[in-house]
Amino acid sequence: RSRILVSIGESFGTSEKFQKINQMVCNSDSHLKRSAEVSAASKPLKRL
Amino acid sequence: RHPRGAELGELQAAERQLDDLIQTCMVQLRLLTEDPANQHAAYVTCQDLRSIVDPSEQMVMVVKAPPETQLQVSDPAEAFQVSVRSTQGPIDVFLCPED
Amino acid sequence: AQECQNLEIEKQKRIERIKQKRAQLQELLLQQIAFKNLVQRNQQNEQQNQGPPALNSTIQLPFLIVNTSKRTVIDCSISSDKFEYLFNFDNTFEIHDDSEVLKRMGMSFGLEAGTCSAEDLRIAKSLVPKALEGYITDMSAEFSWINQGLLSSSAQAVSHLEVA
């Protein structure tokens with residue numbers, strides 16, 4: 001599955017690569033939260 | 001055909017000029033960062049790092065790695081995992097102190 | 001008609017490439033300004049304080065930072081020779097490199113955010129070669145228009161073209 005590999009420790013500068021990583025992590029978190037909410041909501045309420 | 005061709009010519013010249021400027025700036029930046037006089041003063045303080053995040057909410061981990069170190073971020077849908085692998089020397093990792 | 005369409009497609013491709021190259025040039029100029037500004041600030045501080053700050057409180061460039069919530073649990077495995085680290089977070093995190101940190105510290109005078117004052121613009125221009133000062137002025141104007149929502153995306157393309 002998608003992994004991002006970057007070379008670090010180089011000299012100062014060229015930062016655009018981390019924007020992509022941060023976006024990916026942030027999106028997945030909102031996705032995980034949404035799926036958690038969906039799974040929580042989908043449990044059928046027990047009948048008394 | 002003629003006006004389009006002329007327009008394309010202008011764009012081509014503009015693009016070439018940008019290529020030259022980018023090369024010049026990259027060389028200037030490398031000379032700047034490799035100049036020993038600048039290297040001595042090219043640092044940030046822990047206070048600087050605390051100033052860019054909300055220290056009551058966030059923690060900052062600093063990673064100092066030798067050149068050509070590979071940083072890999074796994075697919076977040078699987079795990080929030082970061083691996084860092086060096087071939088040229090040890091990697092330094094530390095938490096920015098809170099105060 | 002076909003040839004005219006091909007020329008139009010070629011023109012759009014070039015405009016797109018010029019946009020990307022202008023953005024790359026702007027990033028390089030911002031890094032140059034931020035780096036010089038940081039060095040000057042540290043040298044002034046060292047003169048005022050008669051010496052550099054304590055060694056364990058400074059972080060030499062280049063470096064990375066990973067920031068995350070204080071509630072995040074980080075499981076960290078380290079190889080004995082410190083050549084390999086594996087971090088498992090139970091929460092999201094962000095990774096930023098030194099040039100991004102300097103921008104957030106204000107070392108590029110807010111140029112990239114369109115919040116650069118006239119005085120700071122003068123200082124920023126003094127930190128780049130004379131031939132490139134025009135790009136700093138453009139960058140400041142362009143980002144402040146974008147910041148105020150005065151420059152729509154299509155107009156940005158035109159401004160890219162005009163400046164190019």
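A note on names: the letters A, B, ... follow the listed sequences, proteins ahead of strands, and every chain is numbered from 1.
- With a 4.5 angstrom heavy-atom cutoff, C:Phe83 touches chain B via backbone and side-chain atoms both.
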Could you list the donor-acceptor pairs under 3.5 angstrom formed between side-chain atoms of residues 109-120 of chain C and any protein atom two or more places apart in sequence or on another chain?
from: C:Glu112; atom 1: OE1; to: C:Ser108; atom 2: OG; distance (Å): 2.8
from: C:Thr115; atom 1: OG1; to: C:Gly110; atom 2: O; distance (Å): 3.3
from: C:Ser117; atom 1: OG; to: C:Asp120; atom 2: N; distance (Å): 3.1
from: C:Ser117; atom 1: OG; to: C:Asp120; atom 2: OD2; distance (Å): 3.4
from: C:Glu119; atom 1: OE1; to: C:Arg122; atom 2: NE; distance (Å): 3.1
from: C:Glu119; atom 1: OE2; to: C:Arg122; atom 2: NH2; distance (Å): 2.7

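- Per-residue counts of heavy-atom pairs under 4.5 Å with chain B were compared for C:Glu94, C:Arg104, C:Glu3, C:Gln43; the largest is that of C:Glu3.
- The contact between C:Tyr85 and chain B is made by backbone and side chain atoms together, counting heavy-atom distances below 4.5 Å.
- Within the structure, salt bridge (charged side-chain N to carboxylate O under 4.0 Å, His left out) pairs that include any residue of residues 37-61 of chain C comprise B:Asp48-C:Arg41 (at least two apart or interchain).
- When each of C:Arg22, C:Lys11, C:Arg14 is checked for a salt bridge (Lys or Arg N to Asp or Glu O under 4.0 Å) with B:Glu15, only C:Arg14 meets the rule.
- Neither the backbone nor the side chain of B:Gln70 comes within contact range of chain C; no heavy atoms are under 4.5 Å apart.
- Between the side chain of C:Gln60 and the main chain of B:Gln39, a donor-acceptor pair closer than 3.5 Å is present.
- Using a 4.5 Å cut-off between heavy atoms, C:Asp81 contacts chain B through its backbone alone, with no side-chain atom that close.
- Interface remark: B:Ala42 contributes backbone and side-chain atoms alike to the contact with chain C (heavy atom separation under 4.5 Å).
- Of the atoms belonging to C:Ile78, not a single heavy atom falls under 4.5 Å from chain B.
- Taken from CG in B:Leu71 to CG in C:Asp97, the straight-line distance is 11.5 Å, to the nearest 0.5 Å.
- Residue contact with chain C, scored on non-hydrogen atoms closer than 4.5 Å, involves the backbone and the side chain of B:Val62 alike.
- In this structure, the portion of C:Asp90 lying under 4.5 Å from any heavy atom of chain B is its backbone and not its side chain.
- Partner of B:Asp19 under the side chain to side chain donor-acceptor pair (under 3.5 Å) criterion, out of C:Gln24, C:Lys21, C:Arg17: C:Lys21 alone.
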